[in-house]
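Worth knowing before you read on, the calculation uses all heavy atoms, side chains too, and leaves out hydrogens, waters and symmetry mates.
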Amino acid sequence: MLRFITPIVALLLALPAHAAPDSYIDRLLNKPVPGGVAVVDLGPSAQTPQASYQGKPVLVVKQEARWVAIIGVPLTIKPGSQQITAKTSSGTRTLPFTVGFKAYPEQHITLKNQRQVNPNPADLKRIDGELAEQIRAYRSFSPGTPSNLLLDKPVNGPLSSKFGVRRFFNGEERNPHAGLDFAVPAGTPIKSPAAGRVILIGNYFFNGNTVFVDHGQGFISMFCHMSKIDVKVGDNVPRGGVVGRVGSTGRATGPHMHWNVSLNDARVDPAIFIGAFQP
Ligand code: ZN
């Protein structure tokens, strides 16, 4: 028997030094698929490492004596090898990680308002401006460490539409679903899943009444379709603090809570952070 075990042991010993050691961060957050999260070990470093992916700064946290980068993998990334750049006290290195495959289902939605499927030229101008404003918010990078990496559910209720679903409105394909929906009644308070700072609020064509909360280092939550916003830009929100109420403003077929989570300007599956990810 030993004869058969030995090659396996040898293989384990040969794992590259950059493999992330087992920890709650790896176990719970390392889901390296398009629209998922990659956790990459940066090793020990006397100074706080700086890491970047596709030229954008990445969330870095310390776990015991080591540092790890927590990277958002955009939905548009193809399975295969990717790399980050990391600057630690021992120099600048590139570190690889592998993106696996994930199949996302389709969803067909009927909207009574055809203008929400094919907006008119004035709408398109408005949408462009709103998109630019929201992308700027997603790209902000504040220095603080997030209060918690495992997030609280912003509302208690069943999940309705999952992240990444390819959506067809009245038969026409539009952007995939960039967040997670919860089926909850209008008026339900939406609680911030971690502490953060309100960096943007708006009333948008697609997203309706919207709040962006920056949890630190590009880790950002967005809530939309709200009936009411209870915060203003610059407010510091504690973990569990109410940011607004569930509604159906913008492009929505009924009241629900839509939640985006973004890392390094990549929208990722919020289910990962609440322990509800399905491969
Ligand atoms: Zn949604």
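Considering R126, E133, E130 in turn, E133 is the only one that fulfils the side chain to side chain donor-acceptor pair (under 3.5 Å) rule with Y204. Here the options are R136, R139, Q54, the test is side chain to side chain donor-acceptor pair (under 3.5 Å), and the partner is D265; only R139 passes.
Within the 4.5 Å cutoff, the side chain of F223 has heavy atoms near those of the P154 side chain. Proximity of F182 to V246: side-chain heavy atoms (C-beta onward) are nowhere separated by under 4.5 Å. Side chains of N30 and I25 form no contact here, defined as non-hydrogen atoms less than 4.5 Å apart. Q82 has its side chain out of reach of V73: every pair of non-hydrogen atoms, C-beta onward, lies at least 4.5 Å apart. Residues L180 and I274 meet the side-chain proximity criterion, which asks for heavy atoms closer than 4.5 Å. Between Q50 and V60 there is no side-chain heavy-atom pair separated by less than 4.5 Å. Annotation: side chain of R174 is not in contact with side chain of R167 (no heavy-atom distance under 4.5 Å). Residues T145 and Q217 are in side-chain contact: their nearest non-hydrogen atoms beyond the backbone lie under 4.5 Å apart.
Between R115 and D123, at least one side-chain nitrogen of the basic residue sits less than 4.0 Å from a carboxylate oxygen of the acidic one, meeting the salt-bridge criterion.
In terms of modelled atom types and a separation under 3.5 Å, the side chain of R93 and the main chain of L42 share a donor-acceptor contact. Remark: the backbone N or O of A195 is paired with a side-chain donor or acceptor of S147 at under 3.5 angstrom. A donor-acceptor contact shorter than 3.5 Å is absent between the side chain of S89 and the backbone of S45. The backbone N or O of A137 lies less than 3.5 Å from no partner atom in the side chain of D214, so there is not a single donor-acceptor pair. Between the side chain of N264 and the main chain of I71, no donor-acceptor pair closer than 3.5 Å is present. Using a distance-only test at 3.5 Å, with no hydrogens or angles considered, a donor-acceptor pair links the side chain of T210 to the main chain of G208.
Within the model, atoms CG of D181 and NE2 of H256 stand 4.0 Å from one another, a figure rounded to the nearest 0.5 Å. A distance of 4.0 Å separates OH in Y138 from CZ in F212, rounded to the nearest 0.5 Å. In this structure, CD1 in I229 is found 4.5 Å from CG in N209, a value given to the nearest 0.5 Å. D235 CG to I199 CD1: the interatomic distance, rounded to the nearest 0.5 Å, is 13.0 Å.
Both V68 and V37 are part of a single hydrophobic cluster, where members link through side-chain heavy atoms under 4.5 Å apart. Under the 4.5 Å side-chain heavy-atom criterion for Ile, Leu, Val, Met, Phe, Trp and Tyr, L151 and L159 are members of the same hydrophobic cluster. Linking ILVMFWY side-chain heavy atoms closer than 4.5 Å, directly or via other members, places V117 and F168 in two distinct hydrophobic clusters. M222 and V155 fall into different hydrophobic clusters, defined by Ile, Leu, Val, Met, Phe, Trp and Tyr side-chain heavy atoms under 4.5 Å apart, directly or through other members.
More than 12 heavy atoms of other residues, nucleotides or ligands lie within 6.0 Å of CD in E106, so this atom counts as buried by the packing criterion. In K87, the NZ atom is not crowded: 12 or fewer heavy atoms of neighbouring residues, nucleotides or ligands sit closer than 6.0 Å. When the shell of 6.0 Å around NZ of K162 is examined, it contains 12 or fewer heavy atoms from other residues, nucleotides or ligands.
Looking at N207 and Q134, their side chains do bring a donor and an acceptor atom within 3.5 Å of each other. Checked by atom type, the side-chain pair W259/S221 shows a donor-acceptor distance below 3.5 Å.
Using cut-offs of 30° and 60° on the angle between ring planes, the pair H258 and H225 is perpendicular.
Cation-pi check for R251 over F169 is met; the charged atom lies under 6.0 angstrom from the ring centroid and within 45 degrees of its normal.
Of all heavy-atom pairs between H215 and S192, the closest is CE1-OG, 3.8 Å.
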